Structure formats: structure tokens, C-alpha cells
Amino acid sequence: MKGKLYLILVIIVLGCQSIPHQKDWVLVYKNNAFGEALEGNKMELVNAVRNGSPVRVGFGGRLRSDSTLTIEHIFETQFITILNDNEVYAQMEPIIGQNPLIEKDTTNILFRHTQWNIIVGTNGFSDRITMTLNRDSVTSQNQKNMSASWFVKKGVENDKKPIPLWVR
């Protein structure tokens, strides 16, 4: 009986070691709507992108009609651009539009008959495009400045400072 218990314990321990550890998402940079740093270091974000680390971007705010109600969006980037070695722009994969129904006592969210995509920059600039689903045509484009939080999935480490990808 002790032998079987020991064997089961060994299998459990070895099995746990083969499961990859969850890498943590860490806030590395936060900018305001004017592109000013609120938290973190923009070059840490640039270096993480150059090292191949996955990036998530979060943004949100308060409703104009009732500032006690808030909304937040977070997306994993699908395409990232670094301009002039110091500005990062992230694009999300297009999604079906949402219509958040935010009330004081209840919340719901419905699909819209649109698709949208957004580009967010560390300089505070954002550009959102909305398309109709059935006609595949652009219905609106909205450019505005907004704050954003930039998260990096830790685990891609490199002792050397990464060089711009176009140098290689």
C-alpha cells in the first residue's frame, strides 16, 4: 500500500512540474490622453515588444451621462508598430461591436450589427473604425486622444538590450 501511495505521489509531483507556469501580465507603462507617462517606463515596453513579449492594452472611462458608471476594455494586440524608437501603436483584431447597457442597478451587453477595430498609441492617439457586418463598408471613423495601460506577459527575458528590428 505504501508503495502505491509513493508511486501516486511521484506521478503527481512530476506531472505538476511538466505543466508550464502561468506567466504574469504586468503593467509596464500607462499614458494619459496627451501621451504623458503616468506610470512605468515606455522604453521597457519598447524593449519587451522587440523581445517578442505578448502585449495587452487596456482603456476605458466614465460615462458622460453619469460619471459614477464606468467601462473598461482590454485586448491582446494583433499588430504592433514602433515609430521613431519611442512610440508604440497597437492594433486589436476586429471584433463584433458591443452595446453596453449600463445602469445603476443592472448591466447587460448586446451585440451590434457592426464590426470595429482600434489602434491605440503610447502618445495618447487612437483611431477607431466601425464597419457594417452585412455590407462590409465603413460607417464611421473616430480619432481621439485617450489614456491607455500597457501590459506585458513576463517570461521573455533577454540579457541584451534589444536593437531595432530593422537593424538586423
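Being a predicted model, the structure only gives us computed values, none of them experimental.
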Test item: Leu45 and Val28 side chains (from C-beta on) under 4.5 Å apart, heavy atoms: yes
Looking at residues at least two apart in the chain, or sitting in another chain, which of them share a side-chain hydrogen bond (donor to acceptor under 3.5 Å, both in side chains) with Asp127? Gln141
Do Met146 and Val88 sit in the same hydrophobic cluster, where Ile, Leu, Val, Met, Phe, Trp and Tyr count as joined when their side-chain heavy atoms come under 4.5 Å apart? yes
Determine whether Ile82 and Val152 fall in the same hydrophobic cluster, where Ile, Leu, Val, Met, Phe, Trp and Tyr are linked whenever their side-chain heavy atoms lie under 4.5 Å apart. yes
Using a side-chain heavy atom cutoff under 4.5 Å and only I, L, V, M, F, W and Y, what cluster partners does Phe111 have? Ile96, Leu133
Side-chain contact, heavy-atom cut-off 4.5 Å: Trp150 with Thr122? yes
So Leu101 and Ile109, do their side chains get closer than 4.5 Å, heavy atoms only? no
Any donor-acceptor pair under 3.5 Å from Asn123 side chain to Phe125 backbone: yes
Between the main-chain N or O of Lys144 and the side-chain N or O of Ser126, is there a donor-acceptor pair closer than 3.5 Å? yes
Looking at residues at least two apart in the chain, or sitting in another chain, which of them share a side chain to side chain contact (heavy atoms under 4.5 Å, CB included) with Asn86? Asn84
Would a distance-only check, ignoring hydrogens and angles, find a side-chain to backbone donor-acceptor pair under 3.5 Å from Arg62 to Ser67? yes
Kindly write out the residues that satisfy salt bridge (charged side-chain N to carboxylate O under 4.0 Å, His left out) with Glu36, not counting sequence neighbours, or none if the list is empty. none
Compare all side-chain heavy atoms of Val120 with those of Tyr89 and state whether any distance is below 4.5 angstrom. no
Just jot down the side chain to side chain contact (heavy atoms under 4.5 Å, CB included) partners of Asn117, sequence neighbours excluded, or say none. Gln91, Met92, Pro94, Ile129
Quick one, Met131 with Trp116, criterion side-chain contact (heavy atoms from CB on, under 4.5 Å). Give me CA distance, side-chain angles, the key distance, then yes/no. CA-CA 6 Å; Met131 300 177 68; Trp116 65 275; over 6 Å; no
Should side-chain heavy atoms under 4.5 Å link Ile, Leu, Val, Met, Phe, Trp and Tyr, which residues sit in the same cluster as Leu38? none
Quick one: do Lys30 and Glu44 make a salt bridge, cutoff under 4.0 Å? no
Side chain to side chain contact (heavy atoms under 4.5 Å, CB included) partners of Thr139, counting only residues at least two apart: Thr130, Thr132
Least distance between heavy atoms, Asn41 atom then Tyr29 atom: C-CD1, 3.6 Å
Could you tell me which residues satisfy ring pair (Phe, Tyr, Trp, His ring centres under 6.0 Å) with His73, sequence neighbours excluded, listed by chain and number? Phe59
In the hydrophobic clustering that connects Ile, Leu, Val, Met, Phe, Trp and Tyr at side-chain heavy-atom distances below 4.5 Å, which members other than Ile102 occupy its cluster, ordered by chain and number? Leu63, Leu69, Ile71
Leu27 and Ser149 have their tightest heavy-atom pair at CD1-CB, 3.6 Å
Relative to Trp25, does Arg56 satisfy both conditions: NZ or CZ under 6.0 angstrom from the six-membered ring centre, and within 45 degrees of the ring's axis? yes
With sequence neighbours excluded, give me every salt bridge (charged side-chain N to carboxylate O under 4.0 Å, His left out) pair touching residues 78-88. Lys42-Glu87, Arg50-Asp85
Under the rule for side chain to side chain contact (heavy atoms under 4.5 Å, CB included), what residues qualify as partners of Thr77, not counting sequence neighbours? Val55, Val57, Phe75, Ile80, Ala90
Who are the side-chain hydrogen bond (donor to acceptor under 3.5 Å, both in side chains) partners of Thr68, not counting sequence neighbours? Asp66, Lys104
